[in-house]
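We use all heavy atoms of the structure for the numbers below, so side chains are in, but hydrogens, waters and symmetry mates are not.
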Amino acid sequence: MIKVNLDGCGSLELNRSKALEAVKMLKEGTGKGNDYIGWTTLPFDYDKDEFDRIIKAAEKIRKDADALVVIGIGGSYLGARAVIELLKTARHNEIEKPAIYFIGNGIDGADLNQVLELIKNKNVYVNVISKSGTTLEPALAFRIIREYMEKTYGKEEAANRIFATTDKARGALKSLADAEGYETFVVPDNIGGRYSVLTAVGLLPIAAAGIDIKELMAGAETGIKEALSGNDDAASVVYACARQALYNNGKKVEILSYPGENYRFMAEWYKQLYGESEGKAHLGIYPSSCELTADLHSLGQYIQDGERILFETIFRFEKETIEVTVPFDEANGDGLNYVAGKKYSEVFKAAAAGVKQAHITGGVPVIELIADDVSARSLGEIIAFFEAACGISGYMQGVNPFDQPGVEEYKKNMFALLGKK
C-alpha cells in the first residue's frame, strides 16, 4: 500500500470531485485518448498464454545466456530497467548472469561499441522491442546487433536467440520476425509505450533478470483496483489532487527525490510518464528528479534557496530488504560514533526528515510517498499507483494524457537532415 503524506504542503484545497470525475472517465473510457487505457485492466485481464511463453523464454535465457541485449527506447526500455535496477541493484551485471545490457535508447556509437566488446565470447540472447520496427534509435542498434548475432552464430541459430516484442500483425519488425523465425511477443494496441512496463515490453527482460513477474502483476492488480475504486482517499487520487492544487498555486516543477542509485531509473520512468502525458498545450508540471542525499550537494542549494517555482515529492520505502549497520570505532577519528549501531535505513530516514524540514522552511511544499518494502509485489503496486495518478492528473488538467504529438517534431527535422525522403 502506498501512503501519501501532505503535511509538508501547508493548506491545500484538493479538488477530489474533479479527480473522481477523472477516475470515472478512466473506468468507463469516456475521456480523451480512451483507445489507450488498456493499462487500467491489464493487471487482471492479460493474455495468460503469452504470459506463460514469457516465463518459458525467460527461463531459457537464464539457463543458457551470459548476456541479454535489450534494444528499445522510451517506454520500451525505461520501465524494465527501473524494475530490474530497483529489485536487483544497479550493479546486478557484476553479480549474476545474465548480464543485461540496454541499448538503442540513444545515438551513441561509443556506448554501442562498448556493449559489443562486453558481449564478445559470451553466450548472447537479444530482445528487440519496437512496435513499428522503424524508430531510428533502436532500429539502428538492432541492425548492428543482428549482424553481430548472424556472424557469430549463423542465421538459423541467431534466429533462435532473438526475441521480438512488436505489433501483433504488422510493421517492419513483425515482418522481419516472421520471415526469420524469431519468437514474438505483442505490444498491445490499446496501451501506449510509457504505460507498457507490465506488458511483454517490460515483462520479458524483468523475468530474464530473475524477478517474479507473477508477484509483480499481483501487486499491480491490487494497486489499480485501489486507485480506480472511486474512493476519494485512494492514494492515486490524493496525489493527483495535490499535484494539481500545487500547480494551480504556481508550482510548475515537481522534483521526485529518491534514495540512492538503485532508484534512479524509477525516476527516469516517472519523468517520461508524466512529461509525455501532461506536457500539452503549453500546460503541465515539469518532472525532474533528485537523488537523496547525493544531489543535495549539487542541486540542494537551488532547491533550498532558488526561485519558488517547485515542489518536492520524496519517495521512499518503509522497510529495506538489505541492511548495513554502522560499526563502533574506538578511536572515533571521524566523530561518527553517535550513529554507531544504527542501520543505514535509520540514517536515511533521519536524512529524509531533515531534508523535508529544511525545504519546507525554505518555502518548498513537500509530498511524501511511502511504499511498504522493496519487493516485486510492492513495486507492482507502485507502478499502478503512478500510472493511475498520471491519468487522473492529466484529465484534471484538461489534456489528453495518452498522446504525444510534440515528440514527432524533432523526428521530422532529423529525418530531413539525414536525407530521408
Side-chain angles (χ1 to χ4, degrees), residues 46-73 76-105 112 115-130 133 138 141-142 144-166 173-174 176-178 180-187 196-217 265 376 379:
Y46 55 89
D47 185 333
K48 306 302 189 296
D49 290 335
E50 181 181 64
F51 193 84
D52 289 341
R53 285 199 301 114
I54 289 169
I55 291 173
K56 287 178 182 176
E59 287 172 350
K60 179 182 178 182
I61 293 167
R62 285 188 63 73
K63 179 182 176 183
D64 296 343
D66 298 314
L68 171 65
V69 178
V70 181
I71 304 170
I73 193 168
S76 296
Y77 132 79
L78 286 170
R81 187 166 182 179
V83 172
I84 292 168
E85 294 203 359
L86 183 50
L87 296 180
K88 289 288 184 175
T89 84
R91 296 181 177 87
H92 65 96
N93 282 354
E94 301 168 34
I95 300 167
E96 60 181 271
K97 70 172 194 177
I100 300 176
Y101 301 109
F102 291 92
I103 64 171
N105 44 69
L112 182 56
V115 171
L116 288 169
E117 288 294 320
L118 287 167
I119 64 176
K120 272 184 182 177
N121 304 316
K122 289 184 177 178
N123 200 355
V124 181
Y125 280 71
V126 175
N127 179 205
V128 56
I129 307 165
S130 174
F142 182 50
I144 291 164
I145 289 294
R146 180 186 168 208
E147 179 184 60
Y148 170 85
M149 295 294 287
E150 291 179 353
K151 283 183 176 178
T152 304
Y153 300 106
K155 282 180 70 71
E156 185 176 344
E157 178 57 22
N160 291 330
R161 293 167 175 264
I162 296 172
F163 298 92
T165 307
T166 188
L173 181 55
K174 174 61 175 171
L176 177 64
D178 288 345
E180 298 293 336
Y182 307 154
E183 184 172 1
T184 60
F185 301 96
V186 174
V187 180
S196 67
V197 61
L198 297 177
T199 70
V201 168
L203 292 180
L204 180 55
I206 291 167
I211 294 164
D212 189 339
I213 58 174
K214 291 181 180 177
E215 281 290 288
L216 190 70
M217 295 299 278
F265 274 89
L379 194 46

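- In this structure, Leu87 and Ile206 have side chains that are not in contact, with every pair of non-hydrogen atoms separated by 4.5 Å or more.
- Between Tyr153 and Val124 the shortest side-chain heavy-atom distance falls below 4.5 Å.
- When all heavy atoms are compared, the tightest approach of Ala200 to Glu50 is CB-OE1, 4.1 Å.
- A salt bridge between Lys120 and Glu117 is present, with a side-chain N of the basic residue lying under 4.0 Å from a carboxylate O of the acidic one.
- For the side-chain contact (heavy atoms from CB on, under 4.5 Å) with Pro138, the lone residue among Ile129, Ile145, Ile71 that qualifies is Ile71.
- Scanning both residues, Leu68 and Pro205, for their nearest heavy atoms gives CD2-CA, 4.4 Å.
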Please determine whether side-chain contact (heavy atoms from CB on, under 4.5 Å) holds for the pair Ile213 and Phe51, giving the CA-CA distance in whole Å, both sets of side-chain angles, and the decisive distance to 0.1 Å. CA-CA 9 Å; Ile213 58 174; Phe51 193 84; 3.5 Å; yes

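- A pairwise comparison of heavy atoms in Phe142 and Leu173 identifies CE2-CD1, 4.1 Å as the closest pair.
- Both the sub-6.0 Å distance and the 45° axial angle are not jointly satisfied by Lys151 relative to the ring of Tyr148.
- Of all the heavy atoms in Val197 and Ala80, the pair that sits closest is CG2-N, 3.9 Å.
- Distance check: Ile55 CD1 to Leu204 CG gives 11.0 Å after rounding to the nearest 0.5 Å.
- Salt bridge Lys174/Asp178: present, at least one basic N to carboxylate O contact under 4.0 Å.
- The CE atom of Met217 sits 5.0 Å away from the OH atom of Tyr46 when rounded to the nearest 0.5 Å.
- A donor-acceptor contact shorter than 3.5 Å is absent between the side chain of Arg146 and the backbone of Ala158.
- Across all their heavy atoms, Asn160 and Tyr125 have their closest contact at O-CE2, 4.1 Å.
- Taking CD from Glu147 and CG from Leu116, the interatomic distance works out to 9.5 Å, rounded to the nearest 0.5 Å.
- Taking each heavy atom of Lys97 and Arg62 in turn, the nearest pair found is O-NH1, 4.0 Å.
- Within the model, atoms CG of Asn127 and CZ of Phe163 stand 8.0 Å from one another, a figure rounded to the nearest 0.5 Å.
- Applying the ring-ring contact (aromatic ring centres under 6.0 Å, His included) test to pairs two or more places apart or on separate chains, those with a residue in residues 80-104 are Tyr77-Phe102.
- Electrostatic pairing of Lys63 and Glu59 does not count as a salt bridge here, judged by no charged N lying under 4.0 Å from a carboxylate O.
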